[in-house]
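In what follows, a single structure is set out as structure tokens and then discussed.
Chain naming here is simple, since letters A, B, ... match the order of the sequence lines and numbering starts at 1 in each.
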Amino acid sequence: MLKTHMCGNLDSSSINKDVTLAGWVSRRRDHGGLTFIDLRDSSGIIQIVLRNEELNISADNISRIRNEWVIIVHGTIMIRQKGTENKKMKTGLIELIAKEITISNKSNTPPFPINEDIDIDELNRMKYRYLDLRRSKMLNNLKLRHNVTHFIRNFLSSKEFIEIETPILNVATPEGARDYLVPSRVHPGKFYALPQSPQQWKQLLMVGGFEKYFQIARCFRDEDLRSDRQPEFTQLDIEMSFVEQEDILMLIEELFTKMIDKLTPRFSIPKKFPSITYNECIEKYGTDKPDLRFGIEIHDLKKIFLNTEIIIFKKMIDDKKRIRAINIPNGSTLSKKQIKKYNEIAIKYGSKGVASISLDHQIDINNPSMDQVDSLLKQFLSQNELENLIQEMKSEAGDLILISADEVSVTSNILSEIRVLSAELMNLIDYDKLSFCFVTEFPMFEFNKLEDRWTAMHHLFTMPFEEDIHLIDNDPGQVRSHAYDIVCNGQEVGSGSIRIHQADLFLKVLKRLDIDEKIAYEQFEHMIQAFSYGAPPHGGIAPGIDRLVAILAKESDIREVIAFPKTKTAADILTGAPSFVDQKYLDELQLSINEDERQS
RNA sequence: GGCCCCGUAGUGUAGCGGUCUAACACGCCACCCUGUCACGGUGGAGAGCGUCGGUUCGAAUCCGAUCGGGGUCGCCA
């Protein structure tokens with residue numbers, strides 16, 4: 001090794017030791033005959049003291065050293081002179097008195113500051129990602145990511161799981177997300193698909209008798225991106241045989257609580273992760289990924305407004321639509337502008353708006369006076385309705401009630417978004433809290449309006465509730481499944497299910513999904529076959545590593561925990577991928593490109 | 001595919017119809033400085049405002065298109 005120690009690992013125990021350090025110049029302070037260099041390596045930063053007269057290189061050469069140059073320094077670790085200690089630095093009690101310096105490599109002036117924690121344009125960061133990675137934030141995030149995967153591997157290994165790799169080149173399947181395709185040279189006209197997840201492989205491993213499998217697996221989905229979605233992402237893929245849903249959930253709960261306890265103890269997490277059913281979740285929070293760091297639950301107001309004079313509500317009830325509301329504590333202090341923003345949210349989801357009822361801070365909650373209510377509905381709202389409303393919403397003086405009346409899914413979208421927005425505005429969120437929960441009993445099927453058919457909500461290997469199987473043919477929307485999500489702070493961090501392991505049930509599901517029997521046999525023959533050779537009951541879960549690490553790193557964008565992420569258009573700025581390829585490759589693959597589409 | 005936001009020296013921002021041949025901070029270059037740690041001091045260089053077109057006597061500033069980045073809805077079993 002060109003160095004004997006790491007900068008950040010040195011402390012007072014090394015005083016008077018001769019060491020050789022190597023790294024990058026993070027900052028220099030040139031005082032003429034005396035120069036300080038903050039030397040950075042992957043472990044941290046230490047101050048180097050350069051005295052012209054004590055060095056092997058000329059004063060001229062010392063003054064030429066610049067940020068990000070790579071230097072190797074030999075010298076003695078000394079305690080700092082009294083009064084010159086730096087409490088802000090981990091190594092601030094000591095310093096390296098340099099005797100010999102080797103300049104290993106010079107550096108151009110970096111395109112953005114490496115030694116400051118400021119926001120740089122994303123495009124620039126991606127173009128020079130290797131420099132961005134030198135910044136302490138990225139270093140810490142990727143270290144945390146390593147710690148997470150390391151912990152996972154140890155934890156699952158200790159529970160006798162074994163890690164098995166599965167193929168990247170797979171057969172394309174019609175269901176689910178759009179596949180990334182890879183053309184085959186040996187089979188002209190045929191394509192592999194990159195895995196959306198190792199779903200089928202892990203089930204085949206269960207049939208293969210490995211009762212406990214895991215893999216930290218790369219997955220690919222060719223869909224539009226978001227700050228929490230990359231075209232390639234990593235999931236912790238877990239599958240077990242002879243398990244019930246509860247076994248999987250308990251395993252994940254133990255893994256996550258122990259991991260967070262060890263790696264990021266500053267977070268407070270529930271000892272037990274609460275479980276909530278999908279239906280209850282939608283009723284209370286309007287979403288299947290609720291943020292439970294704060295209250296504000298959705299209430300149904302139908303019974304209060306059954307005989308109302310408020311025409312719009314009456315109409316909604318007659319049309320079998322819903323009237324639902326949330327109560328924002330102290331929300332009467334919100335500005336008109338904010339209320340307008342709420343209405344814009346409602347319009348975004350295709351509704352006309354939200355009705356607001358603002359309660360004065362002086363109002364007597366047990367005997368409310370209409371004079372202390374501010375609302376556009378006021379003249380049609382009866383005293384009785386007001387009282388019932390306050391009681392139902394458990395409102396207090398100064399609160400704001402927001403009512404959305406529309407189809408159930410529309411009110412859910414609106415109220416769930418307003419709920420989170422309001423909690424942020426009213427400072428109801430404790431950002432040191434990780435409110436994990438499980439959402440269970442997802443519907444087996446959902447109707448896809450675009451394709452005019454039923455699709456699998458989780459995936460087509462999900463086990464339906466035994467007692468709901470008879471509904472598959474006639475009332476598929478009512479079939480519950482053994483599919484579950486793990487949710488944290490309003491984000492889905494993983495989902496899983498107990499799987500179908502019997503061929504006949506699988507065929508019944510495929511039929512429901514209107515997948516032609518012949519095609520089904522072509523696409524899934526291997527699964528059907530496998531199920532017919534003593535497939536054990538099995539199930540699993542797949543937490544997303546990127547999202548999990550982002551949450552633990554307090555990052556809102558998963559790109560901040562991925563070394564080389566892609567842009568929103570799935571491009572890699574650094575390397576230029578995707579790119580056009582030489583005609584000879586296309587010829588070999590027997591592919592031709594529509595020239596109209598080809599631009600440079 | 002729809003909607004929205006952003007694009008000014010190397011970096012981060014200001015300027016939002018004439019006072020802008022564009023300002024500030026950091027960085028950069030030169031010189032000075034032996035205890036600094038966001039070192040300090042003196043001096044200096046560096047952009048014509050993503051691109052194209054339009055409106056106007058006059059455009060970083062207004063309008064349109066386009067490119068790039070980001071957000072969001074759809075989509076993401």
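When the C1' atom is used for both B:rC49 and B:rA23, the distance is 13 Å, rounded to whole Å. As rounded to the nearest Å, B:rG12 and B:rG70 have P atoms that lie 15 Å from one another. If you take atom P in B:rG69 and the same atom in B:rC26, they sit 32 Å apart, rounded to whole Å. Separating the C1' atom of B:rC28 from that of B:rG10 is a span of 8 Å, rounded to the nearest Å.
In terms of polar N and O atoms assigned as donor or acceptor, the side chain of A:Arg80 comes within less than 3.5 Å of the base of B:rU36 in a complementary pairing. The base of B:rC75 sits with one of its N or O atoms less than 3.5 Å from a complementary donor or acceptor on the side chain of A:Arg229. Judged by atom type and distance alone, A:Asn67 does not reach the base of B:rG27 through any side-chain donor-acceptor pair under 3.5 Å. For A:Glu116 and B:rU11, a side-chain-to-base donor-acceptor distance below 3.5 Å is absent, hydrogens and geometry of angles not being considered. The base of B:rG74 is paired with the side chain of A:Arg226 by a donor and an acceptor separated by under 3.5 Å.
Put simply, A:Thr567 has a side-chain N or O that comes within less than 4.0 Å of OP1 or OP2 on B:rG69. The phosphate of B:rC26 has neither OP1 nor OP2 within less than 4.0 Å of any side-chain N or O from A:Arg27. Residue A:Thr569 has a polar side-chain atom (N or O) positioned under 4.0 Å from OP1 or OP2 of B:rG69. Considering only side-chain N and O atoms, A:Arg29 lies under 4.0 angstrom from the phosphate OP1 or OP2 of B:rC39. A sub-4.0 Å separation between OP1 or OP2 of B:rG68 and a side-chain N or O of A:Lys568 is absent.
Nucleic acid contact class of A:Glu53 (heavy atoms, under 4.0 Å, all strands): base. At a threshold of 4.0 angstrom between heavy atoms, the contacts of A:Met126 with the nucleic acid are absent. In this structure, A:Phe461 reaches neither bases nor backbone, as no heavy-atom distance under 4.0 Å exists between it and the strands shown. The residue A:Arg125 sits apart from the nucleic acid: no heavy atom pair falls under 4.0 Å. Here A:Glu85 lies in heavy-atom contact (under 4.0 Å) with a base. In this structure, A:Asp119 reaches the sugar-phosphate backbone alone: every heavy-atom distance under 4.0 Å involves primed, P, OP1 or OP2 atoms, never a base. Nucleic acid contact class of A:Asn52 (heavy atoms, under 4.0 Å, all strands): none. Residue contacts shown for A:Glu95 include a base, since a base heavy atom lies under 4.0 Å away. A:Thr173 comes within 4.0 angstrom of nothing in the nucleic acid, heavy atoms only.
Using cut-offs of 30° and 60° for the angle between ring planes, the A:Phe506 and A:Phe461 rings count as parallel.
Counted by atom type alone, A:Gln200 and A:His526 present one or more donor-acceptor pairs between their side chains at under 3.5 Å.
Minimum atom distance to the side chain of A:Arg66 is reached by B:rC29, of the listed B:rA38, B:rG70, B:rC29. With B:rC28, B:rC73, B:rG12 as the candidates, the nucleotide lying closest to the side chain of A:Thr109 is B:rC28. Nearest to the side-chain atoms of A:Glu122 among the listed nucleotides B:rU36, B:rG70, B:rC28 stands B:rG70. Of all nucleotides listed (B:rU11, B:rC76, B:rC75), B:rC76 comes nearest to the side chain of A:Arg221.
From A:Glu95, atom CD reaches atom CZ of A:Phe36 across 6.5 Å, with rounding to the nearest 0.5 Å.
Nucleotide B:rG71 holds its P atom 13 Å from the CG atom of A:Asp121, rounded to whole Å.
Where stacking is scored as ring centres under 5.5 Å apart with planes under 30°, A:Phe112 does not register as stacked on the base of B:rU11. Using a 5.5 Å limit on the distance between ring centres and a 30° limit on the angle between planes, the aromatic ring of A:His31 counts as stacked on the six-membered base ring of B:rC39.
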